Amino acid sequence: MNDTQVLEIQHAFAQQKDNLQQLEQQVSQYVNEITAQHEETLVATVLHHEPPPPWVTSVIEIFYFVAAILFILGLKRMSSPVTARGGIIWAGIGMILATLATFFHPAIHINIGWISAIYVISALFLMLGLKRATRADDGGIGLIIIITSIIVAMTPTLLYPSNYGLIVIAVMIGSAMAWISAKKVAMTDMPQMIALYNGMGGGAAAAIAAVELAKGGHTMTIETLAVAGGLIGSISFSGSLIAFAKLQGILKKSFIFNFQQLINLLIFITILALGIGIVSYGAADSGPLVITFFMLTLAFGILMTLPIGGADMPVVISLYNALTGLAVAFEGFVLGNAAMIIAGTVVGAAGTLLTQLMAKAMNRSLGNVLFSGFGAKVQASNTEVTGSLKPIDSSDAAAMMAYATQVVIVPGYGMAVAQAQHKIWELTKALSDKDVKVKFAIHPVAGRMPGHMNVLLAEAGVPYDMIFDLEEINEEFPQTDVALIIGANDVVNPIARTDPSSPIYGMPILNADYAKNVIVIKRGSGAGFSGIENHLFYANNTRMLYGDGQKMAAELVHSVKAL
Amino acid sequence: MIEGFTALYIFLLAALTGYEIIARVPVILHTPLMSGSNFVHGIVLVGAMVALGHADTVLTQLIGFIGVILAAGNAVGGYAVTERMLEMFKSSKGAEK
């Protein structure tokens with residue numbers, strides 16, 4: 001290779017370099033032009049779905065934070081009868097703040113303009129209608145206002161369909177139905193209404209899971225949480241609906257069939273396998289799996305609840321309440337929503353503890369409630385009943401109480417069924433006028449749910465400081481002249497203390513048999529809810545006042561006043 | 001977005017709070033309290049709204065729509081029944097009208 005050749009090559013190189021630079025310049029110019037063009041369209045789309053400025057997200061977070069604090073403080077206040085009413089109002093304010101803030105969430109493209117104005121106005125009319133509809137005198141007009149306001153809200157949504165519009169309408173429909181049913185339900189039916197609303201919450205958590213899984217694009221951890229929340233939420237949904245149907249009397253039988261536990265177990269294992277499959281394949285690619293998964297979880301909730309007897313329902317409702325809380329917390333993780341995580345977890349933990357307390361008060365273990373197909377079992381007791389049933393008439397019973405120093409009234413669910421609580425409160429006032437000290441003794445499971453009897457007495461006007469629970473009142477029975485038992489049976493059966501072969505053996509009871517005299521108001525001489533003979537009724541110091549609870553209570557009031 | 005251990009901490013602290021609140025509750029308030037906690041998980045409404053907000057197919061819109069109806073029912077119904085029950089609790093001083 002000589003010098004000329006080297007020079008030539010160098011020259012060629014230099015030329016190529018120039019060409020390359022030119023090309024590079026051209027390309028970058030081209031790219032710039034294209035970006036500039038596209039920027040216009042990009043900006044246009046961004047304007048269309050303009051993300052809210054960062055401060056909006058911060059303000060929403062602050063609202064959620066305040067809501068979470070209000071929930072916790074509200075629940076705390078609900079644990080004392082003096083502040084309880086304030087507690088629910090605090091929690092309610094928290095809920096309103098969180099809901100309003102969510103309308104400005106980036107996922108909901110709120111339309112600030114005439115559409116929103118229509119929504120706000122129709123929502124205000126809805127509230128007005130709800131207020132009227134729950135008044136006894138002109139419910140009809142209220143209902144018309146409610147329906148009109150929902151139709152008015154639907155109009156802009158049909159003209160300009162958007163998820164935002166759907167949200168507004170769904171909130172209006174859900175609120176209206178729940179508000180009216182909640183205001184109309186009788187206090188005795190409270191347990192099943194709680195079950196119903198709780199089931200709705202579980203269903204909503206499952207719906208969130210379904211939407212997020214269908215949308216896809218989540219990490220494996222998030223999908224696992226969504227699947228877990230969906231599983232728990234849908235079990236709580238269908239299970240609570242069955243609990244509602246049972247307590248409401250729509251479903252009367254306990255469905256028990258062969259190999260029930262085994263079938264349930266197999267279904268549950270299949271559900272778990274499907275869940276793992278969904279997470280490992282990625283939810284977006286396993287549509288049929290997701291659908292089968294939700295179908296099976298709903299079926300599982302039904303099958304799990306069907307064999308449980310009515311007496312055990314409160315424990316089950318409480319359990320589903322805790323489960324819904326947990327499902328809400330899981331979906332909170334999926335959506336990155338702190339308010340949902342905190343509120344859901346608080347309810348999950350509180351509900352679990354409450355479930356345990358209830359099961360303990362009923363002398364059942366949770367496992368026993370869920371897996372033994374029971375409640376209806378009647379077991380013959382070994383102990384023979386001694387003594388006889390000794391009737392008394394209402395004027396003698398009234399005299400006994402009117403000249404007593406202390407009377408303890410033991411009400412049971414039978415009193416509520418007979419709607420006798422108002423008459424009993426009248427009786428209490430009549431006795432107090434005669435300087436008789438009257439106290440109410442409530443067994444933890446009196447009524448259909450722990451604390452239910454307190455609500456029923458409160459409805460009649462009985463102040464809560466006259467009401468005592470088992471531990472407070474039991475040592476007072478020996479100093480009590482008359483124990484008046486109305487509509488209660490198993491909770492005062494002394495056999496629970498004495499006969500180990502009895503199904504209720506070991507259950508804490510009210511020691512009404514220690515009182516100097518016992519008067520039992522009872523419709524007939526049949527056995528109680530559990531089918532066990534009550535030895536108290538045959539005791540020497542017991543007198544039976546046969547008749548309808550309300551009628552007998554009225555007669556007692558009359559006789560006491562006449563004395 | 002709340003990630004990993006932060007989420008775990010929130011979960012743990014919230015669980016302890018829930019346990020503490022209930023631990024000292026008198027039996028007479030069990031039913032209203034269960035109803036009250038039932039209302040509190042009505043916060044699922046917020047999540048259901050967001051989920052419907054990002055629904056992008058007819059199917060997810062339908063599921064989201066049902067979800068929001070159910071959640072609103074949980075929140076509103078839970079509030080109304082709890083308030084009705086608690087409203088009735090009165091002490092002897094308050095009851096003598």
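The sequence lines fix the lettering, A, B, ..., with proteins before strands; numbering per chain opens at 1. Every value quoted in this text rests on a predicted model; they were computed, and no experiment measured them.
- Within the 4.5 angstrom heavy-atom criterion, no atom of A/L457 approaches chain B.
- Checking side-chain atoms of A/N163 against main-chain N and O of B/A55 turns up a donor-acceptor pair under 3.5 Å.
- Using a 4.5 Å heavy-atom threshold, the side chains of A/N337 and B/V46 count as touching.
- At a 4.5 Å heavy-atom cutoff, the contact between A/M177 and chain B is made by side-chain atoms alone.
- Annotation for A/F63: atom CZ does not count as buried by contact number, only 12 or fewer foreign heavy atoms lying within 6.0 Å.
- Among all heavy-atom pairs drawn from A/A210 and B/I63, the shortest one is CB-CG2, 4.0 Å.
- Considering only heavy atoms from C-beta on, B/I43 stays 4.5 Å or farther from A/V347 through its side chain.
- Listed by chain and number, the residues in a salt bridge (charged side-chain N to carboxylate O under 4.0 Å, His left out) with B/E83 are A/R85 (sequence neighbours excluded).
- The shortest distance between side-chain heavy atoms of B/R84 and A/M187 falls below 4.5 Å.
- Between B/S37 and A/N321, the side chains place a donor N or O and an acceptor N or O closer than 3.5 Å (distance only, hydrogens not considered).
- Of the residues considered (B/G42, B/G36, B/G47), B/G47 shows the highest number of contacts with chain A, using heavy-atom pairs under 4.5 Å.
- Of the listed residues (B/T60, B/L52, B/L33), the greatest number of heavy-atom pairs within a distance under 4.5 Å of chain A belongs to B/L52.
- Interface remark: A/H452 contributes backbone and side-chain atoms alike to the contact with chain B (heavy atom separation under 4.5 Å).
- Considering all non-hydrogen atoms of both residues, B/A51 and A/V211 come closest at O-CG1, 3.6 Å.
- Heavy-atom distances place both the backbone and the side chain of A/M340 under 4.5 Å from chain B.
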Listed pairs under 3.5 Å, donor-acceptor, residues 7-16 of chain B side chains, sequence neighbours left out:
none

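- A/T99 touches chain B through backbone and side chain together, each having a heavy atom under 4.5 Å away.
- Interface remark: of the candidates B/E87, B/Q61, B/M34, B/M34 forms the most heavy-atom pairs closer than 4.5 Å to chain A.
- Shortest non-hydrogen contact noted between B/F39 and A/M95 is O-CE, 3.3 Å.
- Contact of the A/E212 side chain with the B/H54 side chain is registered, since non-hydrogen atoms from C-beta on lie closer than 4.5 Å.
- When the candidates A/I173, A/I342, A/L75, A/T221 are compared by the number of heavy-atom contacts under 4.5 Å with chain B, A/L75 comes out ahead.
- Looking at A/F237, only its side chain comes within 4.5 Å of chain B, counting heavy atoms on both sides.
- With a threshold of 4.5 angstrom between heavy atoms, A/E331 does not approach chain B through any atom at all.
- Counting heavy atoms from C-beta outward, B/E20 and A/K76 have side chains that stay 4.5 Å or more apart.
- Contact annotation for A/F468: neither backbone nor side-chain heavy atoms come within less than 4.5 Å of a heavy atom of chain B.
- Contacts between A/I180 and chain B at a heavy-atom distance below 4.5 Å are absent for every atom of the residue.
- Across every non-hydrogen atom of A/A207 and B/G67, the tightest pair is CB-CA, 3.6 Å.
- Side-chain atoms of B/P32 and A/V455, non-hydrogen and from C-beta on, do get closer than 4.5 Å to each other.
- B/V68 places a side-chain heavy atom less than 4.5 Å from the side chain of A/V171.
- The closest donor-acceptor contact from the side chain of A/N198 to the backbone of B/N38 lies at 3.5 Å or more, if one exists at all.
- When heavy atoms are compared at a cutoff of 4.5 Å, A/I72 approaches chain B by way of both its backbone and its side chain.
- B/V81 and A/A182 get closest at one heavy-atom pair: CG1-CB, 3.7 Å.
- Of the listed residues (B/T17, B/L45, B/V50), the greatest number of heavy-atom pairs within a distance under 4.5 Å of chain A belongs to B/V50.
- Heavy atoms closer than 4.5 Å to chain B are found nowhere in A/V82, neither backbone nor side chain.
- Using a 4.5 Å heavy-atom cutoff, the side chains of A/V346 and B/V40 are not in contact.
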